[in-house]
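A quick write-up on the structure given underneath.
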Amino acid sequence: AVTFDSAKYTMDVVSIPRDTLVNVSWPVKKVNSLYAVYGEEKIKQAFSSILGYTPDFYVVVNLRAFVKLVDAVGGITYNVPQNMYYSDPNQDLYINVSAGEQTLSGKDALGVVRFRATYVEGDIKRISVQQDFLKAAIKQILSNVNDVPITTLADIVINDVKTDLEDGNVIWFAKEFLKMNYENINFHTLPGNYMDSVNGDSYVTIYLNQWLEMINEYLNPFEEDIEVEDVDILPRDANGYLYATSGVRKGSSSWGSGSGNTGGNTGENTGGNTGGNTGGNTGGNTGGTEIDEPGGGDDPVTPPGGDDPGN
């Protein structure tokens, strides 16, 4: 989820882990199933249950577009935190990137942001690396604005990225982005129990109070705060049991009925969240497809009637 404040030239990016538990009717209730089930047309509405508001736009960047975008700016100089070696012929996926600072091509950059095979923290560590890479990319681009091929980048977005932004909007956002100060772009990760499990499967359960605070501080485009009644998610209560903030559990009522690993930070939100961005926000991109995770993770999630959202 991304919020761009066009008045203050600030941007906040919030990563939502792929295993985040969502209140849906099908049995594998992970956020990365939403795109496969709902597609582009309904994805904004699907995310509104998590965010408490409907985003203005969606953007889905596929693998080919990512590679093209990185290559278009001449590669990204990044200090790769560790050796990243992985091979999966079934996905035609081969990652061979050594640790250390280097200028990554689009292909190698894609390997870096996809890799998670040896991470103890799994997807959460990968999110951290992805955010670090994006910070390096943004800093490099904004430090060399005069060298940025804005027309080429806009053409890639228009031709290879799925979005409901009009072509003119894409160019406008690109030009506004190039006016920004690197220090005014901040990254965050949805707060939750990253080590939770439900029915024997790994899930991220949202820490409700902290999540509402994050929404209101970094994402909320309105003057009034997003409250508990505005979201429809499945956090755990003080006793470790899942409940629906909307009061309605979708799908089987017995799904995940036992208490779980609550991580010591649960409880219903009793109100009183403060904060909230009150100025001129535009954008609201909640898009971005998940990609196949190389090694060390769960089997791909395939909800009924949809493709594997790992693609």
Side-chain angles (χ1 to χ4, degrees), residues 1-2 4 11 13-15 18 35 57-88 91-117 119 123 125-163 165 167 170-171 173-182 185-187 283 285-295 310-311:
V2 180
F4 170 55
M11 180 182 294
V13 182
V14 176
S15 297
R18 65 187 297 272
Y35 181 75
F57 313 108
Y58 73 83
V59 178
V60 180
V61 181
N62 62 30
L63 308 186
R64 181 178 63 181
F66 179 89
V67 171
K68 285 185 175 182
L69 289 168
V70 172
D71 286 338
V73 296
I76 299 297
T77 300
Y78 178 62
N79 188 8
V80 180
Q82 67 171 66
N83 293 330
M84 297 183 179
Y85 306 133
Y86 181 78
S87 176
D88 184 354
Q91 294 188 63
D92 192 26
L93 174 62
Y94 305 94
I95 299 173
N96 184 20
V97 183
S98 300
E101 185 169 291
Q102 56 199 285
T103 299
L104 297 170
S105 66
K107 179 176 180 293
D108 286 340
L110 181 62
V112 168
V113 299
R114 294 183 71 178
F115 182 84
R116 69 168 183 166
Y119 295 155
D123 190 51
K125 174 63 176 178
R126 181 172 61 176
I127 287 174
S128 176
V129 172
Q130 290 172 345
Q131 291 178 346
D132 285 343
F133 173 81
L134 289 174
K135 290 175 186 176
I138 291 169
K139 186 174 183 179
Q140 176 178 316
I141 291 170
L142 293 183
S143 298
N144 301 277
V145 171
N146 293 332
D147 298 326
V148 174
I150 188 168
T151 302
T152 301
L153 295 178
D155 286 342
I156 294 172
V157 172
I158 291 170
N159 295 315
D160 294 290
V161 172
K162 295 180 179 179
T163 179
L165 284 164
D167 293 354
V170 171
I171 295 173
F173 274 116
K175 290 180 177 179
E176 293 300 292
F177 172 76
L178 294 178
K179 298 176 184 178
M180 297 190 67
N181 186 318
Y182 161 74
I185 301 175
N186 298 293
F187 289 81
N285 164 22
T286 66
T289 55
E290 285 287 340
I291 49 185
D292 289 330
E293 294 77 7
N311 290 325

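A donor-acceptor contact shorter than 3.5 Å is absent between the side chain of Thr103 and the backbone of Ile76. Between the side chain of Arg126 and the backbone N or O of Phe115, no donor-acceptor pair lies under 3.5 Å. Between the Asp88 side chain and the Leu93 main chain, no donor and acceptor come within less than 3.5 Å of each other.
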Pair Asp108-Gln102, side-chain contact (heavy atoms from CB on, under 4.5 Å): steps then yes or no = CA-CA 10 Å; Asp108 286 340; Gln102 56 199 285; 5.5 Å; no
Could you give me the CA-CA distance, side-chain angles and deciding distance for Leu134 and Ile185, then say whether side-chain contact (heavy atoms from CB on, under 4.5 Å) is met?
-> CA-CA 10 Å; Leu134 289 174; Ile185 301 175; over 6 Å; no
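Residues that satisfy the side chain to side chain contact (heavy atoms under 4.5 Å, CB included) test with Ile171, not counting sequence neighbours, are Ala154, Lys175. With sequence neighbours excluded, the residues that form a salt bridge (Lys or Arg N to Asp or Glu O under 4.0 Å) with Lys162 are Glu40. Taking Ser98 as the reference, Tyr85 meet the side-chain hydrogen bond (donor to acceptor under 3.5 Å, both in side chains) condition, with sequence neighbours excluded. Residues meeting the salt bridge (Lys or Arg N to Asp or Glu O under 4.0 Å) test with Lys68, sequence neighbours left out: Asp160. Under the side-chain hydrogen bond (donor to acceptor under 3.5 Å, both in side chains) criterion, Glu176 pairs with Tyr9, Lys179, not counting sequence neighbours. Under the side chain to side chain contact (heavy atoms under 4.5 Å, CB included) criterion, Val129 pairs with Tyr78, Pro81, Met84, Val112, Tyr119, Lys125, not counting sequence neighbours. By the side chain to side chain contact (heavy atoms under 4.5 Å, CB included) test, Asn79 pairs with Glu101, sequence neighbours left out. In this view, Ser15 and Gln131 satisfy the side-chain hydrogen bond (donor to acceptor under 3.5 Å, both in side chains) rule, not counting sequence neighbours. With sequence neighbours excluded, the residues that form a side chain to side chain contact (heavy atoms under 4.5 Å, CB included) with Ala174 are Ile150.
Between Ile156 and Ala72 the shortest heavy-atom distance is CD1-CB, 4.0 Å. Listed here is the closest heavy atom pair of Phe66 and Ala109: CE2-C, 3.7 Å.
Classified by interplanar angle (parallel below 30°, tilted 30° to 60°, perpendicular above 60°), the ring pair Phe173/Phe4 is perpendicular.
One distance of note links CD1 of Ile95 with CG of Leu110; it measures 7.5 Å at 0.5 Å rounding. Here the CG atom belonging to Asn83 is positioned 9.0 Å from the CG atom belonging to Asn96, to the nearest 0.5 angstrom. For the atom pair CG (Asn181) and CD1 (Ile138), the distance works out to 11.5 Å, reported to the nearest 0.5 Å.
Residues Val70 and Ser105 have side chains not in contact (no heavy-atom distance under 4.5 Å, counting atoms from C-beta outward). Taking 4.5 Å as the limit, every side-chain heavy atom of Val67 sits out of range of all side-chain heavy atoms of Leu63. Between Val73 and Leu153 the shortest side-chain heavy-atom distance falls below 4.5 Å. In this structure, Tyr182 and Lys135 have side chains that are in contact, with non-hydrogen atoms separated by less than 4.5 Å.
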Return a table of donor-acceptor pairs under 3.5 angstrom between the side chains of residues 139-148 and protein atoms on other chains or two or more places apart.
unit_1	atom_1	unit_2	atom_2	d
Gln140	OE1	Thr77	N	2.9
Gln140	NE2	Gly75	O	2.8
Ser143	OG	Lys139	O	2.6
Asn144	ND2	Gln140	O	2.7

